[in-house]
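Report on one structure; see the data block that follows.
For the single chain, residues carry numbers from 1 onward in sequence order. Just so it is clear, the model here is predicted, and its values are computed rather than measured. We count ligands from 1, going down the list as the structure has it; atoms in each ligand are counted the same way.
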Amino acid sequence: MSVLDLTPDQVLATTRAVRRRLDFSRPVERNLIEECLRLAQQAPSGGNRQGWHFVVVTDAAKRRALGDLYRRSWNLYLDDPGYVGKLIFDDEERNAVQKRTATSAQYLADHMYEAPVLVIPCIQQSRAGLSAANQSGLLGSVIQAAWSFCLAARVRGLGTCWTTLHLRYEEEAAAILGIPFRDIVQVAMIPLAYTQGTEFSPAPRDPLESIVHWNAW
Ligand SMILES: Cc1cc2nc3c(=O)[nH]c(=O)nc-3n(C[C@H](O)[C@H](O)[C@H](O)COP(=O)(O)O)c2cc1C
């Protein structure tokens with residue numbers, strides 16, 4: 001296994017949402033994906049239940065079908081008040097970042113099916129018993145593992161982008177992949193590919209003081 005020469009802090013600071021720099025022409029070896037998944041399994045889960053599942057999609061026809069779902073949802077999202085390309089900030093630099101993100105996300109919507117691998121992290125939970133109060137426990141029991149997967153991928157020269165738009169059509173995605181919809185909740189769809197170049201930079205973020213509350217809000 002060859003890994004990039006990055007410190008742990010560099011990995012944490014440079015695991016970006018990669019879209020335009022995903023290399024669609026290069027397959028990803030199965031053993032690398034399995035290494036990342038084994039590391040993901042080291043994440044915490046509520047009650048140590050380890051109810052996570054990862055559907056790894058390499059089949060071209062299935063990727064195309066999922067890409068179509070994603071694109072359909074993206075087209076609706078363009079009119080959503082939460083659309084990433086809405087320039088709602090007072091800060092021009094922030095708006096410029098949002099604009100770039102929107103262009104990049106449009107690219108991914110157009111090309112999702114071309115990613116050599118699509119990974120869908122899921123969690124075992126009967127939909128009938130899905131109370132609002134349990135959402136954090138439920139999602140926290142898979143999202144941390146899935147993010148570990150993304151970090152492990154970055155270390156191996158692979159890029160990922162956390163996406164959720166396909167969830168508008170989660171049941172259709174379940175049918176494409178044979179996921180038992182009543183008992184298995186999908187939380188994301190993560191394209192995985194080698195990156196074009198391996199240099200990524202920390203992204204601008206809000207000042208720490210604006211989000212940290214010591215001892216009281
Ligand atoms: C819960 C969640 C949902 C997201 N959904 C999408 C999505 O559907 N499509 C997409 O292109 N990016 C999606 N993203 C990626 C964000 O746009 C990205 O994390 C953000 O722009 C910061 O990117 P950066 O870390 O590269 O700066 C999502 C991220 C999160 C955490």
Name every donor-acceptor pair, under 3.5 Å, that has one atom in a side chain of residues 185-192 and the other anywhere in the protein, sequence neighbours excluded.
residue, atom, partner, partner atom, Å
Q186, OE1, H166, NE2, 2.8
Q186, NE2, E170, O, 3.1

Handout entry: Residue-ligand contact Y70/ligand 1, heavy atom below 4.0 Å
Key = yes
Handout entry: L165 neighbourhood, listing ligand 1 atoms whose heavy-atom distance to it stays under 4.0 Å
Key = 8 (O)
Handout entry: Non-hydrogen atom of R205 closer than 4.0 Å to ligand 1
Key = yes
Practice task
Tell me which part of T164 gets within contact of ligand 1: side chain, backbone, both or neither, using heavy atoms under 4.0 Å.
Solution key: both
Fill in the blank from the handout: Residues T160 and F149: closest non-hydrogen pair is CG2-CE2, 4.5 Å
Exercise for the section: Consider only side-chain N and O atoms of R19 and S104, and report whether a donor and an acceptor are under 3.5 Å apart. Expected result: yes
Handout entry: Any V84 heavy atom less than 4.0 Å to ligand 1
Key = no
Exercise for the section: Assess the side chains of E93 and N95: does a donor N or O sit below 3.5 Å from an acceptor N or O? Expected result: no
Practice task
Before signing off on this row, confirm whether R19 and ligand 1 have an N or O atom pair separated by under 3.5 Å.
Solution key: yes
Completion exercise
With heavy atoms and a 4.0 Å threshold, my read on which part of A17 contacts ligand 1 is both
Problem - Closest protein heavy atom (residue, atom, distance) for atom 30 (C) of ligand 1 - result: W162 CD1, 3.6 Å
Practice task
Indicate if V18 and L4 have the same hydrophobic cluster label, given that clusters are the connected sets of ILVMFWY residues with side-chain heavy-atom separations under 4.5 angstrom.
Solution key: no
Exercise for the section: Find out if a path of hydrophobic residues (ILVMFWY) with successive side-chain heavy-atom gaps under 4.5 Å connects V11 to L32. Expected result: yes
Practice task
For atom 20 (C) of ligand 1, decide whether some protein heavy-atom distance is shorter than 4.0 Å.
Solution key: no
Exercise for the section: Say whether A203, considering both its backbone and side-chain N or O atoms, lies within less than 3.5 Å of an N or O atom on ligand 1. Expected result: no
Name each donor-acceptor pair under 3.5 Å that joins a side chain in residues 111-125 to protein atoms two or more places apart or in another chain, with its distance.
residue, atom, partner, partner atom, Å
H111, ND1, E114, OE2, 2.6

Practice task
Answer with yes or no whether M189 contacts ligand 1, where contact means a heavy atom under 4.0 Å from a ligand atom.
Solution key: no
Handout entry: Donor-acceptor side-chain pairing of D23 and S25 below 3.5 angstrom
Key = yes
